[in-house]
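Shown next, in structure tokens, is the structure this report addresses.
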Amino acid sequence: LVIFFWEKKKALFPFLIAAVLLGLLYGAMRATRSYSQSRAVGVALAAVKSGQKALKEKKYEEAIGWYQGVADNSYSSPLLRITASQNLALACLEKGEHDRAIAILEKLSRDPQNASPEYSRLLLARSYEVKGERSKARELYKTLASGVTAAGSADSAVQSEAKERLKWFE
């Protein structure tokens, strides 16, 4: 086999060069994609941080803009996308856009990538409460306070908060 390649080296040399160049190109493409993905995560994280700052400063329209970009980006990591969506709903709620906040939170509470669906449901109950839909809010708080969830058991902080919120209804 070595003798064959040695005898055909002039004919095979262009193929060897092409294979090396393809390997280098492939490596460069992988490195670029990895860099682009890490940069996208950094941009999304910066947008969430900017949104948090705007929300604290009660600049709700600005916060909505920051959060909306990350929430709508399917390439964002699930954690950043869910966090941005929850904060987007809070900004909408503070701005008085109750129906928009409710729509976002209803969608989030069913999202299979949401690692904190109980928290989304707690925010949903609060949104119902602020909108004046007290019966919906009460039922959701009761469910959360009971600790019964689709995943088994509720987050203890969410359960405690739901119990506290229920006291306001009695």
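Source: prediction; values computed, not measured.
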Kindly indicate, with the supporting measurements, whether the criterion salt bridge (Lys or Arg N to Asp or Glu O under 4.0 Å) is fulfilled by Glu139 and Lys136. CA-CA 5 Å; Glu139 288 307 310; Lys136 284 185 179 181; over 6 Å; no

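- Note that SG of Cys92 is 11.0 Å distant from CD1 of Ile102, once rounded to the nearest 0.5 Å.
- Closest approach of Gln86 and Ser120 over heavy atoms only: NE2-OG, 2.8 Å.
- Note that CG of Asp99 and OG of Ser127 are 10.0 Å apart. Values are rounded to the nearest 0.5 Å.
- Counting only N and O atoms by type, the side chains of Asn114 and Ser116 include a donor and acceptor under 3.5 Å apart.
- Contacts of Glu97 classified as salt bridge (Lys or Arg N to Asp or Glu O under 4.0 Å), with partners at least two apart in sequence or in another chain: Lys95, Arg100.
- Residue Leu88 is tested with Leu105, Leu108, Val70, Ile104 for a side chain to side chain contact (heavy atoms under 4.5 Å, CB included); the sole match is Ile104.
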Checking side chain to side chain contact (heavy atoms under 4.5 Å, CB included) for the pair Arg121/Thr143: CA distance, chi angles, key distance, verdict? CA-CA 10 Å; Arg121 293 176 71 212; Thr143 302; 3.7 Å; yes

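- Within the 4.5 Å cutoff, the side chain of Leu144 has no heavy atoms near those of the Arg165 side chain.
- The shortest non-hydrogen separation linking Ala71 to Ser85 is CB-OG, 3.3 Å.
- When the side chains of ILVMFWY residues are joined at heavy-atom separations under 4.5 Å, either directly or via intervening members, Trp168 and Leu123 end up in two distinct hydrophobic clusters.
- Taking the side chain as every heavy atom from C-beta outward, Tyr141 and Arg126 approach each other to under 4.5 Å.
- Here the CG-CD distance, from Leu140 to Glu118, works out to 11.0 Å after rounding to the nearest 0.5 Å.
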Residue pair Leu166, Lys142: steps toward the side chain to side chain contact (heavy atoms under 4.5 Å, CB included) verdict: CA-CA 7 Å; Leu166 273 174; Lys142 281 182 183 177; 3.9 Å; yes

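- A salt bridge links Lys167 and Glu164; the closest N-O separation between the charged side-chain nitrogens and carboxylate oxygens is under 4.0 Å.
- Atom-to-atom distance recorded for Lys59:NZ and Trp66:CH2 is 11.5 Å, nearest 0.5 angstrom.
- Annotation for Tyr67 and Ala84: closest pair CB-O, 3.6 Å, computed over non-hydrogen atoms.
- Clustering ILVMFWY residues whenever any of their side-chain heavy atoms sit less than 4.5 angstrom apart, transitively, puts Ile82 in a cluster other than the one holding Leu79.
- Hydrophobic clustering (side-chain heavy atoms under 4.5 Å, transitive across Ile, Leu, Val, Met, Phe, Trp, Tyr) groups Leu90 together with Tyr60.
- Pairs passing the ring pair (Phe, Tyr, Trp, His ring centres under 6.0 Å) check and including a residue from residues 82-137, sequence neighbours excluded, do not occur.
- Nearest heavy-atom pair, Ala101 versus Ala89, reported as atom, atom and distance to 0.1 Å: CB-O, 3.4 Å.
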Show me, pair by pair, the donor-acceptor contacts under 3.5 angstrom made by side chains of residues 46-55, not counting sequence neighbours?
residue : atom : partner : partner atom : Å
Ser50   : OG   : Ala46   : O            : 3.0
Lys53   : NZ   : Glu57   : OE2          : 3.4

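- Summarising the geometry, atom OG belonging to Ser146 is positioned 9.0 Å from atom NZ belonging to Lys163; distances are rounded to the nearest 0.5 Å.
- Pairing each heavy atom of Gln113 with each of Asp111, the nearest pair is N-OD1, 2.8 Å.
- Interatomic distance, CG of Leu122 versus OG of Ser160, reported as 10.5 Å (0.5 Å rounding).
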Check the pair Leu93, Lys131 against side chain to side chain contact (heavy atoms under 4.5 Å, CB included), reporting the backbone distance first and the verdict last. CA-CA 9 Å; Leu93 189 63; Lys131 186 179 178 189; over 6 Å; no

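- Lys58 is not listed as a side-chain neighbour of Glu94, based on a closest heavy-atom distance of 4.5 Å or more.
- A distance-only check finds no donor-acceptor pair linking the side chain of Glu129 to the backbone of Arg134 [under 3.5 Å].
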